[in-house]
*Asks:* 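One structure, as structure tokens, below. Some questions next.
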Amino acid sequence: MIKFDLSNARSYMDEHEMAQMQAQVSLAHDLLHKKKGPGSDFLGWLDLPQKYSRSEFGRIRKAAARIRRQSDVLVVIGIGGSYLGAKAAIEMLSSHFQAMQTKRQRKAPLVLFAGQNLSADYLNDLLAFLEDKQVSLNVISKSGTTTEPAVAFRLLKGWLENKYGKEASRERIYVTTDKQKGALKKLADSEQYETFVVPDDVGGRFSVLTAVGLLPIAAAGIDIRAMMKGARQAMQKFNKPDLTNNSSYAYAACRNVLLRKGYAVELMVNYEPSMHYVTEWWKQLYGESEGKDNRGLLPAGVDNTTDLHSMGQYVQDGRRILFETVVQIEQSRNQLTVPNDPDNLDGLNFLAGTDLHEINSKAAQGTMLAHVDGGVPNLQVTICERSPEAFGELVYFFEKACAISGYLLAVNPFDQPGVEAYKQNMFALLGKPGYEDKQAELEARLSDKE
């Protein structure tokens with residue numbers, strides 16, 4: 001069960017400020033649930049934990065079982081929301097050293113990712129690694145024409161067909177795309193690849209609990225039924241607008257109060273290495289949803305205690321423009337106690353017999369208190385454990401808060417018009433047909449700098 005604690009931000013907010021947010025939150029809730037707000041065509045995620053397609057869910061589980069049998073490696077090809085959610089779940093719920101384990105130790109194939117960058121070195125290294133492995137591909141794209149995954153799929157599809165032959169490769173390629181249209185859907189139909197649906201009413205950054213995330217997560221051996229159960233519990237729990245009983249809405253309200261008081265950066269903090277990609281997923285969710293019309297908090301992240309020895313100085317004593325949202329895990333999967341050392345040269349015998357998770361928790365508590373004293377408000381989100389159920393609940397908690405927060409900001413939380421700007425310039429500079437005039441303009445601008 002998720003817990004939200006704002007006590008370490010109380011001194012930075014007057015009590016009436018949260019109370020006065022209630023009317024705005026209630027309005028945002030009505031806009032969301034009555035589908036009258038901007039972006040209302042993209043609210044399929046809202047009831048998804050209850051209303052997802054059971055038939056496709058069954059096909060996902062069967063395909064995942066097939067991938068586990070036939071492959072040492074599953075390469076997931078996608079960018080943004082097409083890979084971050086799955087990456088977050090797999091990193092959070094698997095061994096930290098899964099890449100070094102054998103398939104038997106993992107009890108599942110290794111899930112790797114491509115199409116999230118345009119690095120020739122990355123793809124060459126990936127292809128070299130795959131050379132002696134049994135491989136399947138899951139390409140994820142609504143259109144099939146997004147440059148990064150389309151280039152990666154073209155290369156990996158050719159490599160796979162060269163390795164297995166065209167016919168055998170059909171049994172190793174899984175496509176997650178639009179239900180009816182698009183270049184990738186057309187290819188999947190013509191090649192008879194098994195296909196899963198990117199729902200029309202679920203945007204990429206909200207899609208982790210659809211086939212987009214569920215197929216690779218299930219292929220990694222993670223229980224997606226438990227994940228959906230956790231999301232369903234969160235959907236029921238965060239269904240009323242009352243700030244005193246809805247921690248997801250309270251989080252949305254707090255971050256907006258702090259934004260209005262001049263805090264421009266929200267720094268997500270974790271104390272478990274397995275949570276790094278949860279932060280990366282969260283950064284996309286909030287950055288793409290709120291960063292428009294010259295508004296929104298800048299979402300950033302640190303991995304503590306590691307980053308206390310790099311970013312810690314700035315957080316403690318730098319410009320007072322940020323607040324922290326600390327995500328903690330109550331229970332560690334394992335116990336590891338500090339042994340006694342007769343010589344005690346490091347002076348740590350006072351910790352002898354203490355569990356390492358308790359030491360980590362005390363480090364987190366001490367850091368939060370120091371940062372609060374240093375002028376940094378702290379919000380705290382706590383989950384009980386690293387489990388599929390907790391992951392599903394955490395995803396829904398942040399998605400629901402993001403939607404409410406976007407409406408509090410008076411932006412459309414479900415579009416991303418600014419993402420297209422770099423694509424237009426890239427297409428022009430690469431000489432894509434139809435971009436000749438823009439190509440000449442950009443090349444002139446670049447030549448002026450030389």
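If you read the sequence from its start, that first residue is 1, and numbering goes on from there.
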*Asks:* Would you say the ring centroid of Tyr277 lies under 6.0 angstrom from that of Trp281?
*Replies:* no
*Asks:* Can you give me every donor-acceptor pair (side chain of residues 226-234, partner residue at least two apart or in another chain, under 3.5 Å) with its distance?
*Replies:*
from: Arg232; atom 1: NH1; to: Pro49; atom 2: O; distance (Å): 3.2
from: Gln233; atom 1: NE2; to: Glu389; atom 2: OE2; distance (Å): 3.4

*Asks:* Taking the cut-offs as 6.0 angstrom to the six-membered ring centre and 45 degrees off its axis, would you call Arg61 and Phe57 a cation-pi pair?
*Replies:* no
*Asks:* May I have the step-by-step check of side chain to side chain donor-acceptor pair (under 3.5 Å) for Gln24 and Tyr407, ending in yes or no?
*Replies:* CA-CA 9 Å; Gln24 297 172 56; Tyr407 284 161; over 6 Å; no
*Asks:* Is Glu56 reaching over with its side chain to a backbone N or O of Val197, donor-acceptor style, under 3.5 angstrom?
*Replies:* yes
*Asks:* Going by the ring-ring contact (aromatic ring centres under 6.0 Å, His included) test, which pairs reach into residues 206-246, not counting sequence neighbours?
*Replies:* Trp45-Phe206, Phe206-Phe414, Phe238-Phe397
*Asks:* Quick check: do Leu43 and Leu32 have side-chain heavy atoms less than 4.5 Å from each other?
*Replies:* yes
*Asks:* Identify every side-chain donor-acceptor pair in residues 145-156 under 3.5 Å, counting partners at least two apart or on other chains, and give the distances.
*Replies:*
from: Thr145; atom 1: OG1; to: Ser143; atom 2: OG; distance (Å): 3.0
from: Glu148; atom 1: OE2; to: Tyr422; atom 2: OH; distance (Å): 2.9

*Asks:* Does a side-chain N-to-carboxylate-O contact under 4.0 Å join Lys185 and Asp178?
*Replies:* no
*Asks:* For residues 33-42, please give each side-chain donor-acceptor pair under 3.5 Å, one per line with the distance, not counting sequence neighbours.
*Replies:*
from: His33; atom 1: NE2; to: Lys400; atom 2: NZ; distance (Å): 3.2

*Asks:* Between Glu194 and Arg59, is there a side-chain N and carboxylate O pair less than 4.0 Å apart?
*Replies:* yes
*Asks:* Using modelled atom types and a 3.5 Å cut-off, is there a donor and acceptor pairing between side-chain atoms of Ser71 and backbone atoms of Arg68?
*Replies:* no
*Asks:* Could you give all pairs that pass the salt bridge (Lys or Arg N to Asp or Glu O under 4.0 Å) test and reach residues 256-267, with sequence neighbours left out?
*Replies:* Glu17-Lys261, Arg255-Glu266
*Asks:* So, using ring-ring contact (aromatic ring centres under 6.0 Å, His included) as the criterion, who are the partners of Tyr263 when residues are at least two apart?
*Replies:* none
*Asks:* Sequence neighbours left out, what passes side chain to side chain donor-acceptor pair (under 3.5 Å) with Ser141? Give chain and number order.
*Replies:* none
*Asks:* Under the side chain to side chain donor-acceptor pair (under 3.5 Å) rule, collect the residues that match up with Asp307, sequence neighbours excluded.
*Replies:* Ser310
*Asks:* Would you call Leu6 and Asn378 a side-chain contact if the rule is heavy atoms closer than 4.5 Å?
*Replies:* no
*Asks:* What pairs meet the salt bridge (Lys or Arg N to Asp or Glu O under 4.0 Å) rule with one or both residues in residues 310-324, with sequence neighbours excluded?
*Replies:* none
*Asks:* ring-ring contact (aromatic ring centres under 6.0 Å, His included): which pairs involve residues 315-334, sequence neighbours left out?
*Replies:* none
*Asks:* So, the side chain of Asn246 versus the backbone of Tyr249: is there a donor-acceptor pair under 3.5 Å, distance only?
*Replies:* yes
*Asks:* Shortest non-hydrogen contact from Glu91 to Gln98?
*Replies:* OE2-NE2, 3.9 Å
*Asks:* Kindly write out the residues that satisfy ring-ring contact (aromatic ring centres under 6.0 Å, His included) with Phe196, not counting sequence neighbours, or none if the list is empty.
*Replies:* none
*Asks:* Determine, stepwise, if the pair Asp5 / Ser7 fulfils side chain to side chain donor-acceptor pair (under 3.5 Å).
*Replies:* CA-CA 6 Å; Asp5 184 357; Ser7 59; 2.8 Å; yes
*Asks:* Pairs in or reaching into residues 79-100: which pass ring-ring contact (aromatic ring centres under 6.0 Å, His included), with residues at least two apart or in two chains?
*Replies:* Tyr83-Phe113
*Asks:* Starting from the C-alpha separation in whole Å, work towards a yes-or-no answer on side chain to side chain donor-acceptor pair (under 3.5 Å) for Gln416 and Arg205.
*Replies:* CA-CA 10 Å; Gln416 54 280 340; Arg205 57 190 176 275; 2.6 Å; yes
*Asks:* Looking at Arg295 and Asp293, does any basic side-chain N land under 4.0 Å from a carboxylate oxygen?
*Replies:* no
*Asks:* So, is the end of the Lys133 side chain (NZ or CZ) under 6.0 Å from the ring centre of Phe129 and within 45° of the ring's axis?
*Replies:* yes
